[in-house]
Amino acid sequence: MLASLLQPQWPHRLWRTAQRWVVAWSRIVYLGAVVLVMLLTPSSYGAVTRARLLRRMYVDTAPILLGFTALAALLCLVVARIVFVTATSYGLSRVAVEMVIRVLVLELIPLTAALFVAMRCSIPAGATLARLRESGHFDRLRAQGFDPVRSEMLPLVVASMYASVTLAALSCVVSLVMVYFSVYGFSLVGVELYTRMFGNVFSPMVTWLFALKTLLFSLAVALIPTASAMYRPYGMRDGEVLGPESDLSGLARMFAVLLLIEVASLLGNYF
């Protein structure tokens, strides 16, 4: 009797979940396209928007730049030393440095920078946008003739993208220096060999894929949390609280996109 009552609910729940998934992704894609068009439109950078944008770029990047760079340098120094000592014990010291460069600089540092910016900047920014929308601030902006996407969301997205790219680029440079110091110490004897090895790793195709992956990471962590917040339902429906569920769904979508970008990068680099 109980099974007969519960069985018809599964198709309905599955259909409702699929419907929510399609609607959420379509909204994110649509809003992402709108934001990208605004990014490439000169009229989006008026005096007020430009001042707000510069302030957000500074606030989202400057306070975390030194700390994250120091953390990345320490991580690279420790990991490089462990890998080099382990590889030397197995007679693989010639490939140890190249392996460290590939693992740390090409893969871990961009992903870590993107996740750090997501947790520090874009996810709190999405929560701020959700509160502004729920409080009626967006309706007041529309009544005054302003576009909430252009005036509120665009500076947050650009600032998060800038923070992610800046942290990844600077941390990669610092990581390369730390890898050299961990292997050769404070000496210039290995500069020529290290430079040649760096050139072998960063071929034109690998460099292009690295730059593209870093840019896509920054887009994902900047756009998905804020776009999810712009369309986040709030209140109650069918006895369910919609806010926290939508927040977790937005985070899951962001992590899924980051994973797909990383897998595509690995396929492009090694297959």
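Since this is a predicted model, take the numbers as computed values, not measurements. Scope of the values below: all heavy atoms of this structure, side chains included, with no hydrogens, waters or symmetry mates. One-based numbering along the sequence shown.
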> Looking at side-chain heavy atoms only, is the closest gap between Val100 and Phe84 below 4.5 Å?
Replying inline: no
> Less than 4.5 Å apart, any side-chain heavy atom of Cys172 and any of Phe210?
Replying inline: yes
>> Taking Ile109 as the starting point, is it possible to reach Val79 by hopping between hydrophobic residues whose side chains are less than 4.5 Å apart?
In response: no
> Do any N or O atoms from the side chain of Thr61 and from the backbone of Tyr58 form a donor-acceptor pair under 3.5 angstrom?
Replying inline: no
> If you look only at pairs with a residue in residues 204-225, which of them pass as a side-chain hydrogen bond (donor to acceptor under 3.5 Å, both in side chains), with sequence neighbours excluded?
Replying inline: Glu107-Lys213
>> Could you tell me if the side chain of Arg142 sits less than 4.5 Å from the side chain of Pro148, heavy atoms only?
In response: yes
> Between Leu167 and Thr69, is a side-chain contact (heavy atoms from CB on, under 4.5 Å) present by the stated rule, with each step listed?
Replying inline: CA-CA 7 Å; Leu167 261 63; Thr69 304; 5.7 Å; no
> Which pairs pass side-chain hydrogen bond (donor to acceptor under 3.5 Å, both in side chains) with one or both residues in residues 151-163, sequence neighbours excluded?
Replying inline: Arg52-Glu152, His137-Glu152
> Taking side chain as C-beta onward, heavy atoms only, is Tyr194 less than 4.5 Å from Leu176?
Replying inline: yes
> What pairs of residues pass the side-chain hydrogen bond (donor to acceptor under 3.5 Å, both in side chains) test when at least one of them lies in residues 173-186, not counting sequence neighbours?
Replying inline: none
> Would you say the side chain of Leu39 lies within less than 4.5 Å of the side chain of Met161, judging by non-hydrogen atoms?
Replying inline: yes
Do any side-chain atoms of residues 260-271 form donor-acceptor pairs under 3.5 angstrom with protein atoms, and if so which ones, sequence neighbours left out?
residue, atom, partner, partner atom, Å
Ser265, OG, Asn269, ND2, 3.4
Asn269, ND2, Ser265, O, 3.2

Check: residues 117-126 side-chain donor-acceptor pairs under 3.5 Å, at least two apart:
residue, atom, partner, partner atom, Å
Ser122, OG, Ala118, O, 3.4
Ser122, OG, Val221, O, 2.7

>> Quick one: does any side-chain atom of Ser203 pair with a main-chain N or O of Gly199 as donor and acceptor, under 3.5 Å?
In response: no
> Do any pairs count as a salt bridge (charged side-chain N to carboxylate O under 4.0 Å, His left out) and have a residue in residues 184-202, sequence neighbours left out, and if so which ones?
Replying inline: Glu192-Arg196
> Mind checking whether Phe217 and Leu115 have side chains closer than 4.5 Å, heavy atoms only?
Replying inline: no
> Hey, any chance Leu36 and Met254 share a hydrophobic cluster, counting ILVMFWY side chains that come within less than 4.5 Å of each other, even indirectly?
Replying inline: yes
